[in-house]
Asks: 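Got a structure for you, questions after.
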Amino acid sequence: MPQVTVEHRGRVALVTISNPPDALMDRDTVPELSAAFTDLEGDESVAAIVLAGGVPGYFIRHYSVGELEGLSRTLRERSVTVDPANPLPPRDIDALFDRIGTLPKAVIAAINGSAMGGGFELTLCCDIRVAEEGDYSLGLPEINVGILPGAGGTQRLPRLIGTARALEMMLRGRTVSPAEALALGIVTEVAPAGRCVERALAIAAEIASKPPLAVAHIKKLARSAVSTPLEDGLALERTLFMDLLVSTSALDLMTRMNTGTNDIRNVE
């Protein structure tokens, strides 16, 4: 049975991880999500995407530890060793998470339940995170089973909330509530119970109403800001600014504002 469903809500696509076994991400979840995002990236009718969990109480519980244990046993039986001086190539899950981050469309995580380990790392790839009010956990507790967050968590969480806070969470294997996630800056807001997906769809619809090229350029610049030298980032910014300035959509919107009564905050 498919784990991922896609619904179109106007210019917004709702991607629901609707049938994962025990609310766990596994080897079948990743290719299904990859296929969905590949289709949506090329779909010009879609301007923004919402990603949500479909099992009540869960976004994604975490990646299947049973699957990881099996992989561990197989690798040990083969006497596989790893040399940190020779980094391993990206896996399918890495390619998926990177694609979400570099997609020229906004991706919003509707965190409507527990999201730990790989599930939490999936939310970190998204551009905006909205959590649902409730008694559930968010975080990266991998150290408690002797491993580390291996799908981008050690890199994305420090960039989001700072090194000290991220280290404290990961070294202690500590998870947080939606309210603490809001205080830490992990999520942008906490929606009332039962309304998380609705709220994420509303934000997505708002962004979908903006000029798509402007959305893509802003996302590209903001996403690369931390890792790009300031001089290079400013050079790309002024280049993409000019690219938008000469676009038809920008000229039309600026003209309408200058000849009408609309404020720059609500030009449509």
Side-chain angles (χ1 to χ4, degrees), residues 1-9 12-41 43 46 48-68 91-103 105-142 149-153 156-157 175 178 181 186-188 190-191 193-204:
M1 184 177 294
Q3 292 191 24
V4 175
T5 60
V6 179
E7 301 174 57
H8 291 260
R9 308 282 184 91
V12 176
L14 173 60
V15 179
T16 304
I17 309 169
S18 55
N19 192 46
D22 299 319
L24 299 172
M25 182 185 293
D26 62 14
R27 62 171 62 93
D28 295 324
T29 318
V30 172
E32 286 195 41
L33 281 173
S34 295
F37 275 94
T38 296
D39 291 344
L40 293 172
E41 183 173 9
D43 188 341
V46 174
I49 300 165
V50 170
L51 183 59
V55 178
Y58 297 98
F59 176 81
I60 280 289
R61 189 197 306 260
H62 51 72
Y63 198 92
S64 170
V65 177
E67 190 172 299
L68 293 176
R91 304 152 301 176
D92 290 344
I93 194 170
D94 303 313
L96 167 63
F97 287 8
D98 286 344
R99 164 169 278 177
I100 292 171
T102 58
L103 200 74
K105 304 176 183 184
V107 182
I108 300 166
I111 309 175
N112 50 348
S114 288
M116 297 180 288
F120 184 68
E121 287 174 305
L122 176 56
T123 73
L124 294 178
C125 301
C126 299
D127 304 307
I128 298 172
R129 284 159 293 281
V130 178
E132 181 166 316
E133 183 180 42
D135 182 18
Y136 63 87
S137 297
L138 305 172
L140 299 168
E142 282 90 339
R156 293 188 175 98
L157 187 60
T175 59
I186 294 171
V187 302
T188 57
V190 175
R195 297 185 60 186
C196 179
V197 174
E198 175 188 342
R199 177 58 182 152
L201 287 168
I203 295 172

Asks: Any sub-3.5 Å donor-acceptor pair from Glu133's side-chain atoms to Ala191's backbone N or O?
Replies: no

Asks: Could you give me the CA-CA distance, side-chain angles and deciding distance for Val12 and Ile49, then say whether side chain to side chain contact (heavy atoms under 4.5 Å, CB included) is met?
Replies: CA-CA 6 Å; Val12 176; Ile49 300 165; over 6 Å; no

Asks: Contact between Glu132 and Ile111 at the side-chain level, heavy atoms closer than 4.5 Å - yes or no?
Replies: no

Asks: Less than 4.0 Å between a side-chain N and a carboxylate O, is that true for Arg27 and Glu67?
Replies: yes

Asks: To the nearest 0.5 Å, what is the distance between NE2 on His62 and CD on Glu121?
Replies: 12.5 Å

Asks: Please tell me if the side chains of Tyr63 and Thr29 come closer than 4.5 Å, counting only heavy atoms from C-beta onward.
Replies: no

Asks: For Thr5 versus Ser18, what's the shortest heavy-atom pair and its separation?
Replies: CG2-OG, 3.4 Å

Asks: Identify the two heavy atoms, one from Tyr136 and one from Pro178, that lie closest to each other, and give their separation to 0.1 Å.
Replies: CZ-CG, 3.4 Å

Asks: Do Phe59 and Leu122 have side-chain heavy atoms sitting under 4.5 Å apart?
Replies: yes

Asks: Just do the side chain to side chain contact (heavy atoms under 4.5 Å, CB included) check on Val4 and Thr16 with the steps written out, would you?
Replies: CA-CA 6 Å; Val4 175; Thr16 304; over 6 Å; no

Asks: Hey, are the side chains of Asp28 and Gln3 touching, using non-hydrogen atoms and a 4.5 Å cut-off?
Replies: yes

Asks: Indicate yes or no: at least one non-hydrogen side-chain atom of Asn112 is less than 4.5 angstrom from one of Tyr58.
Replies: no

Asks: Using every non-hydrogen atom in the two residues, find where Val46 and Ala13 come nearest and quote the distance to one decimal.
Replies: CG1-CB, 3.9 Å

Asks: Is the closest side-chain heavy-atom distance between Asp92 and Ser34 below 4.5 Å?
Replies: no

Asks: Between Leu14 and Val6, is any pair of side-chain heavy atoms under 4.5 Å apart?
Replies: no

Asks: Looking at Glu32 and Pro2, would you say the former's side chain and the latter's main chain have a donor-acceptor pair under 3.5 Å?
Replies: no

Asks: Could you tell me whether the side chain of Arg61 and the main chain of Ala115 form a donor-acceptor pair under 3.5 Å?
Replies: no

Asks: For Leu124 and Gly153, work out which heavy atoms get closest and say how close.
Replies: CD1-CA, 4.3 Å

Asks: If we only count heavy atoms from C-beta on, is the Val50 to Val15 side-chain gap below 4.5 Å?
Replies: no

Asks: Quick test of your reading of the model: are Glu41 and Arg99 salt-bridged, counting only N-O distances below 4.0 Å?
Replies: yes

Asks: Salt-bridged, Asp98 to Arg156, with N to O below 4.0 Å?
Replies: yes

Asks: Taking all atoms of both residues into account, what is the closest heavy-atom pair of Cys126 and Leu51, and its distance?
Replies: SG-CD2, 4.2 Å

Asks: Output the distance between atom CZ (Arg9) and atom CG (Leu201), rounded to the nearest 0.5 Å.
Replies: 5.5 Å

Asks: Just by modelled atom types, is the Ser64 backbone N or O under 3.5 Å from a matching donor or acceptor in the Asp26 side chain?
Replies: no

Asks: Shortest non-hydrogen contact from Val197 to Ala52?
Replies: CG2-CB, 3.8 Å

Asks: Quick one: pull up OG1 in Thr175 and CG in Leu140 and give me the separation to the nearest 0.5 Å.
Replies: 10.0 Å

Asks: Within the side chain of Lys105, is there an N or O that forms a donor-acceptor pair under 3.5 Å with the backbone of Ile100?
Replies: no

Asks: Using the side chain to side chain contact (heavy atoms under 4.5 Å, CB included) rule, take Phe120 and Leu157 through it: C-alpha gap first, then chi angles, then the decisive distance, then the call.
Replies: CA-CA 10 Å; Phe120 184 68; Leu157 187 60; 4.2 Å; yes

Asks: Do any N or O atoms from the side chain of Arg129 and from the backbone of Ile108 form a donor-acceptor pair under 3.5 angstrom?
Replies: no

